[in-house]
Amino acid sequence: MATAAATSASEPEAESKAGPKADGEEDEVKAARTRRKVLSRAVAAATYKTVGPGWDQQEEGVSESDGDEYAMASSAESSPGEYEWEYDEEEEKNQLEIERLEEQLSINVYDYNCHVDLIRLLRLEGELTKVRMARQKMSEIFPLTEELWLEWLHDEISMAQDGLDREHVYDLFEKAVKDYICPNIWLEYGQYSVGGIGQKGGLEKVRSVFERALSSVGLHMTKGLALWEAYREFESAIVEAARLEKVHSLFRRQLAIPLYDMEATFAEYEEWSEDPVPESVIQNYNKALQQLEKYKPYEEALLQAEAPRLSEYQAYIDFEMKIGDPARIQLIFERALVENCLVPDLWIRYSQYLDRQLKVKDLVLSVHNRAVRNCPWTVALWSRYLLAMERHGVDHQVISVTFEKALNAGFIQATDYVEIWQAYLDYLRRRVDFKQDSSKELEELRAAFTRALEYLKQEVEERFNESGDPSCVIMQNWARIEARLCNNMQKARELWDSIMTRGNAKYANMWLEYYNLERAHGDTQHCRKALHRAVQCTSDYPEHVCEVLLTMERTEGSLEDWDTAVQKTETRLARVNEQRMKAAEKEAALVQQEEEKAEQRKRARAEKKALKKKKKTRGPEKRGADEDDEKEWGDDEEEQPSKRRRVENSIPAAGETQNVEVAAGPAGKCATVDVEPPSKQKEKAASLKRDMPKVLHDSSKDSITVFVSNLPYSMQEPDVKLRPLFEACGEVVQIRPIFSNRGDFRGYCYVEFKEEKSALQALEMDRKSVEGRPMFVSPCVDKSKNPDFKVFRYSTSLEKHKLFISGLPFSCTKEELEEICKAHGTVKDLRLVTNRAGKPKGLAYVEYENESQASQAVMKMDGMTIKENVIKVAISNPPQRKVPEKPETRKAPGGPMLLPQTYGARGKGRTQLSLLPRALQRPSAAAPQAENGPAAAPAVAAPAATEAPKMSNADFAKLFLRK
């Protein structure tokens, strides 16, 4: 079958090279193409048929499915025209997609979904040789899931014809059982090995496979039973004298293990056995039943939960860890990793248990290798892998190759590269015998340090715009090794000079670290020189450095050294205090300016409000008598809405007419000339209030109510328009829109449901577009009882599987961006950031299926041009929101001195204003000075540039009433 398929697959290529032929040859090519298509369909159908447990039928060369395939192919060959029209268009489309996927993999070989799609299409097209190569490449990079392995194995089993093919299938099975613990793959392995029992060593092979399967998954409480039964059926089918004892042994071993449906197995054993069941077997059986009752709650929790069931597995693991059975602990970890293979913390916990408890070399290294293949972006897994390899004596060349793989894994933070380099350098340092003056290992260590510094400077800094090692930890370690282990202080001093020139000279702790190194392995002269430089350069804690210098000179220095040290420290501290005083004065001036600006804004708002009220009272005053004004004092305030309405809210109510003419006043401002009488206006407002239904909110129904806001103010009949939207979530009892005193919709409402689950489902409609604006849907919470309650549905911490994209063109749609992002992995969610009006802000968040896809997307998309805009792409890590400092937490003037980088020398409190010299103090703008004292504040604020208008008796009366 493989030969026929390969021949048919090569025929279209021959056609393209030979060019157009005669009509008869074209028909033959079309027939071959159709035959290949039908053959691929037959192979795909045959792969899902499981191989029977009987070994005698498997020895046949051609199976029933093979005969069906040849029959289908021969029928297609006899009438090619019947099938040609069905496949030509689909085949061309698939070939184009295959070429695209192959090109994509040539760019990014770590695209998991691209591998899966390519294998699916090649298998559909019947490209057997190419699909083998594609599967092989994918298995080298990623561990394959149970479904992918079974599909591959079924294809190979259906095409295996001789002993060599069978050995190839055996090798595939061995690879498959190493990726994950899969009972179904072990069962297939055992059943397939039964088919080779007629070959040399076939019986031992079958028993070996089944014994390994039982040791791997025989303890699986829900799926282990099938393996035990298959093994017993095989042993029962063998005609040997010793088979009875073998079957007895299998029954007894199975009954001693807590498995589901144990009662049926015990009954079967009683029926099968000619002798009574031994008492020891019954005791072990009863003990296993008691254990089964303890395990049942955890197994039932797994059965009821939905994948990936991480929390249920973690609870199960904690239970097994308390019991302490290594075999069962290993099994539950393996079961959890089948569904949670992309959870680094689970791999770390599993490998840590194996490193500390079992310490079996092959098992430990296998788990570490699988961990880095599943989560290559996690630096902690690579570091642990290197340690485990060193711990178990793996060859140096193998460890070096593993380290190179780690560098190419695509970490998502610059500090990750520093960590992996540090782990490898520690390993190289432990290989060196420092008793020798020079050795190959020491030269390799120094070369690795040099390469690490170059790599961080060139590769990492170019990608992340930072080296990841601002404190030069790697150079510090190198300097310590040279000083302490190699007695090479000259090299250590050169390294510390390089550290200080990289922006670390202003930190006292860096100088003190260098001083301690010189103190331990250098001489007093270099210690003094280092401290003198530290006094001049340190800006964070200069007092501490000065104190260390004086202490050293007090104990070891001469009088001349002491005088020099005192002079330098006093000069330096005086300069530092002067700088701090200037910084405090500057900060105080900024605070005062802010206060003055706030006071000016407050005064301007008061003046504007007073002027507006004065203009409104001027019209009735000209037309009416003073008595009429006095009657309407209280009503005038009642007409004012509580909040300023927006322009889109200013829509006249039905039936309301506007008859307003505008004329220029003496100052050039617009004044109202012709308006309706105030009595008429009040009648309209009163009628609107009477017609408007009062909204009564019942706080006891908050659990079944949602609060909807940011709706358009111009929305007519909000309850009618919103009801169809929310009825999709469940039965809506009531929609209560909120209106202003004048009957205008205020842009928010309450939606009450019949059931709580409907309200929870309605929260998913948050930010849904309604009439061009994003509608905000949040829980209904009484802010008076919960003043700190805030709703923000998105995480504000580091999310390694989510990207933040900035610089997008405003015209970029969600569909266009999703199409670009899909090329780098599976996009779970994509959100374009908009303002309250629904206008895009050029920002987006893209959530991928895992961290690996997000890491690859950052490398490929950062700096990409979209519609002439260069976008920036980074892992989502929003900056922490700055919390304003509370007044009571600020330091008093006499309190302890804070660090210069945190609010200056004496904190950021207002009390530091009193520390200013009198010559620098400025008079307060709020209290202007008169000749004999502060001037009295005016009762009514007025603009400085314009004269306050004259006020009538009615105006004065209103001012008194407002007080």
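Computed over heavy atoms, backbone and side chain alike; hydrogens, waters and symmetry mates excluded.
Between Cys749 and Leu711 the shortest heavy-atom distance is SG-CD1, 4.1 Å. Closest of all the heavy-atom pairs between Asp719 and Pro737 is CB-CD, 4.4 Å. Residues Ala759 and Phe753 come closest through the heavy atom pair CA-CD1, 3.8 Å. When all heavy atoms of Met861 and Tyr848 are compared, the closest pair comes out as SD-OH, 4.1 Å. Between Ile871 and Gly807 the shortest heavy-atom distance is CG2-O, 3.8 Å. Residues Val706 and Ala762 share a closest heavy-atom pair of CG1-CB, 4.3 Å.
Every residue was checked against the side chain to side chain contact (heavy atoms under 4.5 Å, CB included) condition with Ala874, not counting sequence neighbours, and none meets it. Residues that satisfy the salt bridge (charged side-chain N to carboxylate O under 4.0 Å, His left out) test with Glu756, not counting sequence neighbours, are absent from this structure. Residues satisfying the side chain to side chain donor-acceptor pair (under 3.5 Å) test with Ser806, not counting sequence neighbours, are none. Take Glu771 and apply the salt bridge (charged side-chain N to carboxylate O under 4.0 Å, His left out) test, not counting sequence neighbours, and it matches Lys721. When the side chain to side chain donor-acceptor pair (under 3.5 Å) test is applied to Glu752, the partners found at least two apart in sequence or on another chain are Lys701, Arg736. For Phe707, the ring-ring contact (aromatic ring centres under 6.0 Å, His included) test picks out Tyr748, Tyr750, with sequence neighbours left out. The salt bridge (charged side-chain N to carboxylate O under 4.0 Å, His left out) check on Lys768 picks up nothing, with sequence neighbours excluded. In this view, Glu851 and Trp377 satisfy the side chain to side chain donor-acceptor pair (under 3.5 Å) rule, not counting sequence neighbours. Here Lys754 pairs with Glu731, Val733 under the side chain to side chain contact (heavy atoms under 4.5 Å, CB included) rule; sequence neighbours left out. Residues satisfying the ring-ring contact (aromatic ring centres under 6.0 Å, His included) test with Tyr845, not counting sequence neighbours, are Phe804. Taking the salt bridge (charged side-chain N to carboxylate O under 4.0 Å, His left out) definition, one finds that Lys757 meets it with Glu755, sequence neighbours left out.
Annotation: cation-pi pair Arg767/Phe776 present, NZ/CZ under 6.0 Å from the ring centroid and within 45° of its normal.
Looking at Arg309 and Glu312, no side-chain N of the basic residue comes within less than 4.0 Å of a carboxylate O on the acidic one, giving no salt bridge. We find that Lys822 and Glu819 are joined by a salt bridge, their nearest charged nitrogen and carboxylate oxygen being less than 4.0 Å apart.
Separating the NZ atom in Lys839 from the CG atom in Leu832 is a distance of 14.0 Å, to the nearest 0.5 Å. Remark: Asn835 CG to Arg773 CZ distance equals 8.5 Å, nearest 0.5 Å. Atom-to-atom distance recorded for Glu818:CD and Ile820:CD1 is 11.0 Å, nearest 0.5 angstrom. A distance of 7.5 Å separates CG in Asp766 from OG in Ser778, rounded to the nearest 0.5 Å. Rounding to the nearest 0.5 Å gives a distance of 9.0 Å between CE of Met864 and CD1 of Ile805. Note that SG of Cys821 and CD of Glu847 are 12.5 Å apart. Values are rounded to the nearest 0.5 Å.
In this structure, Lys609 and Lys612 have side chains that are not in contact, with every pair of non-hydrogen atoms separated by 4.5 Å or more. The closest side-chain heavy-atom distance from Phe739 to Phe745 is below 4.5 Å. Side chains of Val833 and Pro840 form no contact here, defined as non-hydrogen atoms less than 4.5 Å apart. Counting only heavy atoms from C-beta outward, the side chains of Glu596 and Glu599 never approach each other to under 4.5 Å. Between Thr826 and Asn850 there is no side-chain heavy-atom pair separated by less than 4.5 Å. Side-chain contact between Leu843 and Leu808 is absent, with no heavy atoms from C-beta onward closer than 4.5 Å. Looking at Leu803 and Val858, their side chains come closer than 4.5 Å, going by heavy atoms from C-beta outward. Taking the side chain as every heavy atom from C-beta outward, Pro774 and Thr834 approach each other to under 4.5 Å.
Using a distance-only test at 3.5 Å, with no hydrogens or angles considered, no donor-acceptor pair links the side chain of Glu727 to the main chain of Val732. Between the Ser740 side chain and the Asp744 main chain, a donor and an acceptor come within less than 3.5 Å of each other. No donor-acceptor pair closer than 3.5 Å links the side chain of Asn710 to the backbone N or O of Met775.
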Verdict with supporting geometry, Lys608 and Arg605, side-chain contact (heavy atoms from CB on, under 4.5 Å)
CA-CA 5 Å; Lys608 189 174 181 180; Arg605 285 196 297 267; 5.7 Å; no

Take Asp702 and Val781 through the side-chain contact (heavy atoms from CB on, under 4.5 Å) test and state the conclusion after the steps.
CA-CA 7 Å; Asp702 285 351; Val781 176; 6.0 Å; no

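Residue pairs meeting the salt bridge (charged side-chain N to carboxylate O under 4.0 Å, His left out) criterion with at least one member in residues 860-875, sequence neighbours excluded: Glu816-Lys867.
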